Every structure is written in C-alpha cells, then in structure tokens.
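Data first, discussion second: the structure below is written as structure tokens.
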Number of protein chains: 2
Amino acid sequence: MKWLRTLVLFNEGGVLSSNGWAAVHQSYQDAIEKIYHPPFSGALTLRAKRRRNNGKDFDRNGVAYLRSHFLRNMLELEGWTSEGDVDLDKERQQPAILLYPSCEHYREPITSGFGGFDFVTTTLDGLKVAIEWETGNISSSHRSMNKLAIALKTGIIQVGVLIVPSRDLYSHLTDRIGNIAELSGYLEMWESLRPKDGKGLLAITVVEHDALSDDPDLPYLPTGSDGRANQARKTRAKN
Amino acid sequence: MKWLRTLVLFNEGGVLSSNGWAAVHQSYQDAIEKIYHPPFSGALTLRAKRRRNNGKDFDRNGVAYLRSHFLRNMLELEGWTSEGDVDLDKERQQPAILLYPSCEHYREPITSGFGGFDFVTTTLDGLKVAIEWETGNISSSHRSMNKLAIALKTGIIQVGVLIVPSRDLYSHLTDRIGNIAELSGYLEMWESLRPKDGKGLLAITVVEHDALSDDPDLPYLPTGSDGRANQARKTRAKN
DNA sequence: TATGGATCCATA
DNA sequence: TATGGATCCATA
C-alpha cells in the first residue's frame with residue numbers, strides 16, 4: 001500500500017522534531033507499505049470497482065483485510081506493543097451550559113465512555129501515541145478526529161494520527177468510507193483545537209493502493225465477516 | 001413526542017434573547033410534540049424493544065417515520081419554508097498545514113462540498129437558522145455538530161440546532177443512532193468553537209417518546225432497507 | 001457522481 | 001450492555 005502524504009494540522013511543544021515522532025511515523029509508514037494483496041506480492045493491487053450486471057450496483061473491495069493487516073504489521077513487523085484503551089476522565093469539567101427556556105445553568109453528565117483508539121503506544125522518549133485506522137464510514141472519521149483532538153487537549157496523548165484513504169482509493173472500497181476529500185473542509189476546525197500549552201501533534205496520513213487491475217482472476221477483498229462474505233457472493237452470483 | 005430539554009452550548013451576540021430564536025424554538029418544539037404514533041393518537045407511543053426468538057437480536061423501531069413527520073410538521077403545521085442548502089465557500093482559507101517529513105507548507109484543497117442541513121430557514125428578525133434532525137448513526141451526529149459549528153463560525157448561519165434522542169429513546173430505535181449520552185463527552189469541544197465575534201447560538205435539543213407499550217397489536221415503526229438490512233433479512237430467512 | 005442517512009455487525 | 005465499525009440505501 002502506498003503512503004501518499006502526512007498532513008500535520010498542529011504541532012505544539014516541538015513534537016515534530018522529536019525522536020519519538022520520527023520513529024513512530026517511520027514505523028506506521030512501513031506498516032502501511034507492507035500491506036500487500038495478493039499476499040506476499042510486494043504491492044497492494046486491487047481489483048477495480050466494476051458495475052454489476054444489474055447495471056446499478058458495484059462490486060467493490062471490503063475493508064477488513066486492510067485494517068487487520070495494518071494492525072498486525074504494527075505489532076509483528078514493527079514491534080510496537082498496543083496498550084489498549086486510554087480513557088478520558090468522566091469527572092472532567094463540563095462547560096457551563098445554559099438550559100432554554102429556563103436559562104438555568106446546567107452541566108450535562110458525561111454518561112458515555114470514550115471508547116478507545118485503534119492503536120495506542122508510547123515512544124522511547126515518552127510520547128503517548130494514538131493511531132486511528134479509518135476505514136469506517138466517513139462520519140466515523142469525524143468522531144475519530146474529534147476524539148483525537150480532545151485527547152490531545154486533555155493531555156492523555158501527545159501524538160494523534162488518523163490514517164485515511166485518498167479519494168481515488170475510496171472509490172474502490174466499501175461505499176461511504178472515510179476519505180481525505182470529505183474531511184478537507186473541516187481541517188481548519190480541528191486545527192483550531194490545538195492545545196495552548198504542553199505538547200501535541202495532530203496529523204492525517206493519506207494512503208492509496210499501489211495498482212488497480214481488471215483481471216477477473218484477482219478476487220475483490222472480501223466484504224463482511226468470513227461466513228457471510230461467501231454467502232453474499234453466492235447470492236450475487238445467482239442473480 | 002416529548003421535548004426533554006434544550007442545551008445552549010454557546011450564545012454570542014445576544015441571540016438567545018432575540019424574538020427570532022424564541023419563535024424558532026417554539027415552533028420546532030411544537031413540531032416535535034406533534035409527532036404521534038399511532039397517527040392522530042395525540043402521543044408518541046412506541047412498541048418497546050423486544051428480543052427475538054433467536055435469543056440474540058432485537059426488534060426495534062425504524063427512524064424514517066419520526067424524521068419525515070418532524071420535517072412535515074415544520075412545513076405544514078408551523079408554516080416555515082425551507083431554503084434548501086446553504087453552502088460554504090470552497091475557496092475559504094485553509095489553515096497552514098505542514099507536510100511531514102518534508103516540512104513544506106501545504107494547503108489541502110477543499111475538494112468536497114459541504115452538503116446541506118436538514119432544514120434551513122430565516123426568522124423575521126433575519127437570523128439564518130439550520131436545524132439537524134439526527135437519527136442517523138451516532139458518528140453522523142459528530143459530522144452534524146462539526147458542520148453546524150463551522151457554519152456558525154463562518155457566519156452563514158446564526159442559529160444551529162441538533163435534535164437528538166435521549167438514551168432511553170435510543171434503545172428502542174435502530175441500533176447505534178445518535179443519542180445525547182454519546183455526545184456528552186464532546187460538548188466542551190463544540191463549546192470551545194464559539195465564534196469570537198458576531199452572533200451565534202449552538203444548541204442541542206433532546207427528545208423522547210411519550211410512552212412505551214408491549215401490546216403486540218402496536219406495530220413497530222417500519223425499518224427501511226438501508227445499510228445492512230437486506231443482508232440481515234437473508235440471514236433471518238435462512239434460519 | 002456526490003452526500004447524508006439507516007441499518008445491522010463484531011467484540012469486549 | 002456498550003462502543004467502534006462495516007455495509008448498503010435514497011436521492012439530487
């Protein structure tokens with residue numbers, strides 16, 4: 001898989017020039033570049049999107065393969081350990097909200113956890129890093145970015161990275177997944193959330209396939225979970 | 001349907017005390033309170049979530065009915081006209097982004113439109129209002145809030161409202177839709193996006209059913225064939 | 001083609 | 001039960 005570019009939305013406290021950031025970026029770039037299809041082929045070649053016989057729908061590649069290979073590479077090839085969830089304090093101060101029409105002050109209780117990040121680790125120089133591999137729905141990318149921004153602001157991480165498909169890759173994968181084009185109008189918002197003190201770097205890395213192919217012998221990356229993927233293909237083949 | 005509360009996350013330039021806000025809030029509160037099920041019953045009574053015979057899945061209410069009735073009520077009962085899309089300028093200034101590792105300055109082009117809001121109108125005193133009825137996936141609520149915040153910052157609207165189910169209502173509707181509980185940890189982030197000059201009010205309104213029922217003669221609100229619905233139907237048919 | 005939405009899935 | 005995710009739908 002191809003690393004295209006890494007956008008640094010903000011960089012406070014010199015994180016960008018730290019050894020930890022350089023090491024982490026090198027590693028996850030490697031982990032990206034070692035995602036292959038077909039396996040061991042040395043490149044990510046995807047079957048191109050193709051209109052089905054019904055003239056309406058498309059055959060596309062599922063996304064689970066890419067995600068699991070990235071995470072596996074980070075652990076097995078790059079040697080990082082994942083630390084599981086970091087969680088935000090539910091007791092942290094809520095902003096002063098006004099109720100309407102009573103105009104009373106109000107603090108909405110925080111009644112939901114913060115979930116986790118796909119991958120959390122700590123660099124040798126002590127930077128806590130959260131990486132989100134984003135092949136969920138594009139709206140899910142908004143939640144991921146919001147979460148990274150809050151975690152950076154709160155100081156529970158110092159590096160936050162979202163990895164997201166290019167618009168071109170997007171079109172060959174499951175419909176409506178995250179992509180840089182649909183995030184581009186929001187970058188200024190996340191940039192404005194930079195922490196005023198302490199260390200914090202927020203980045204978006206854009207990735208793409210190495211090649212496309214129309215070879216009918218190249219299978220699409222499977223969709224859904226193992227059992228149902230086959231079943232779905234059968235259903236389609238029947239029509 | 002029951003209006004539970006309206007949280008005002010920020011209020012700049014005295015919008016909260018304007019006639020326009022009072023009129024709009026009264027109207028959309030009315031439009032909420034006139035969503036009935038069964039039709040004309042004067043209340044929103046929902047069939048309660050129920051575990052299916054397979055012991056695993058649940059029967060729940062779909063959400064399209066609620067959405068379409070809200071929008072209809074705003075137009076037909078409250079007499080507002082909808083103005084279609086407001087759109088953000090694609091030429092607006094992008095933040096100064098740094099590329100890594102080159103450390104060049106870069107401006108990611110804005111290559112995606114901003115979509116629209118569910119409902120846009122203007123009050124008699126000239127406030128441009130955007131209302132989002134949020135029964136999409138919870139992650140979609142993040143995009144809606146982000147979009148409202150940017151539109152307020154940019155000044156193309158002065159009032160932004162998200163209408164979202166309570167956690168209790170949430171549990172009886174399509175799995176994983178928007179709900180106040182899962183937004184509660186992010187309120188401080190959106191609050192911090194308040195525009196520094198000009199007028200701007202950002203609010204979240206929480207809604208709920210009036211009553212629940214286990215009466216087998218009360219049908220669930222119908223579900224569409226969106227998302228993974230067909231896939232699930234096939235699975236069910238097979239069992 | 002583009003964008004917001006709706007629905008169910010996997011897993012801890 | 002809770003949370004992030006994956007998938008396909010509707011419509012302009």
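None of these values were measured; they are calculated from a predicted model. Numbers restart at 1 for each chain; the letters A, B, ... are given by sequence-line order, proteins then strands.
Following rounding to the nearest Å, Phe117(A) (CZ) and dG5(D) (C1') show an atom-to-atom distance of 16 Å. Atom CD of Glu132(B) is separated from atom C1' of dG4(C) by 9 Å (rounded to the nearest Å). Atom-to-atom, CG of Asp57(A) to C1' of dC8(D) comes out at 8 Å; the value is rounded to the nearest Å. Here the P atom of nucleotide dA6(D) and the CD1 atom of Ile138(A) are 13 Å apart, to the nearest Å. Note: CG (Leu71(B)) to C1' (dG4(C)) measures 13 Å, nearest angstrom. The CG atom of Asn137(A) sits 16 Å away from the P atom of dA2(C) (whole-angstrom rounding). For the pair Glu134(A) CD and dA6(D) P, the interatomic distance rounds to 8 Å; values are reported in whole Å. When the C1' atom of dT7(D) is taken as reference, atom CG of Leu221(A) falls 15 Å away, rounded to whole Å.
Tyr65(B) pairs by the ring pair (Phe, Tyr, Trp, His ring centres under 6.0 Å) definition with His37(B), His69(B), not counting sequence neighbours. For Tyr28(A), the ring pair (Phe, Tyr, Trp, His ring centres under 6.0 Å) partners are His25(A), not counting sequence neighbours. Considering only residues two or more places apart in sequence or on other chains, Phe119(A) meets the ring pair (Phe, Tyr, Trp, His ring centres under 6.0 Å) condition with none of them.
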Acceptor/donor pairs from residues 146-154 of chain A side chains to any protein atom, 3.5 angstrom cut, sequence neighbours excluded:
| from | atom 1 | to | atom 2 | distance (Å) |
| --- | --- | --- | --- | --- |
| Asn146(A) | OD1 | Trp190(A) | NE1 | 2.9 |
| Asn146(A) | OD1 | Asn146(B) | ND2 | 3.3 |
| Asn146(A) | ND2 | His142(A) | O | 3.4 |
| Asn146(A) | ND2 | His142(B) | ND1 | 3.0 |
| Asn146(A) | ND2 | Asn146(B) | OD1 | 3.3 |
| Lys147(A) | NZ | Phe114(A) | O | 3.1 |
| Lys147(A) | NZ | Gly116(A) | O | 2.9 |
| Thr154(A) | OG1 | Ile150(A) | O | 2.6 |

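Taking every heavy atom of residues 142-174 of chain B and every atom of DNA chain C, pairs under 4.0 Å involve Arg143(B), Lys147(B), Thr174(B), by number. Annotation: proximity of residues 175-189 of chain A to DNA chain D (heavy atom, distance under 4.0 Å) is found for Asp175(A), Arg176(A), numbered in ascending order.
Comparing Val63(B) and Lys49(A), the nucleotide of DNA chain C nearest to each residue sits closer to the 5' end for Lys49(A).
Contact between the side-chain N/O atoms of Ser140(B) and the OP1/OP2 oxygens of dG5(C) is found at a separation under 4.0 Å. Distances shown here put every side-chain N or O of Arg60(B) at or beyond 4.0 Å from the OP1 or OP2 atom of dC8(C). Contact between the side-chain N/O atoms of Ser112(B) and the OP1/OP2 oxygens of dT3(C) is found at a separation under 4.0 Å.
The residue from Ile32(A), Asn61(A), Ile163(A), Leu173(A) that alone fulfils the side-chain contact (heavy atoms from CB on, under 4.5 Å) condition with Leu66(A) is Leu173(A).
Among the heavy atoms of the strands, none lies under 4.0 Å from Ser139(A).
Taking a cutoff of 4.0 Å between a charged side-chain nitrogen and a carboxylate oxygen, Glu182(A) and Arg176(A) qualify as a salt bridge. Taking the charged nitrogens against the carboxylate oxygens, Arg47(B) and Asp59(B) have no contact shorter than 4.0 Å, which rules out a salt bridge. One finds a salt bridge joining Arg60(A) and Asp175(A) here, because a Lys/Arg side-chain nitrogen approaches an Asp/Glu carboxylate oxygen to under 4.0 Å.
Counting heavy-atom neighbours within 6.0 Å of Asn53(B) CG, excluding the residue itself, gives a total of 12 or less.
Within 3.5 Å, no donor on the side chain of Asp118(B) pairs with an acceptor on the base of dG4(C), nor the reverse.
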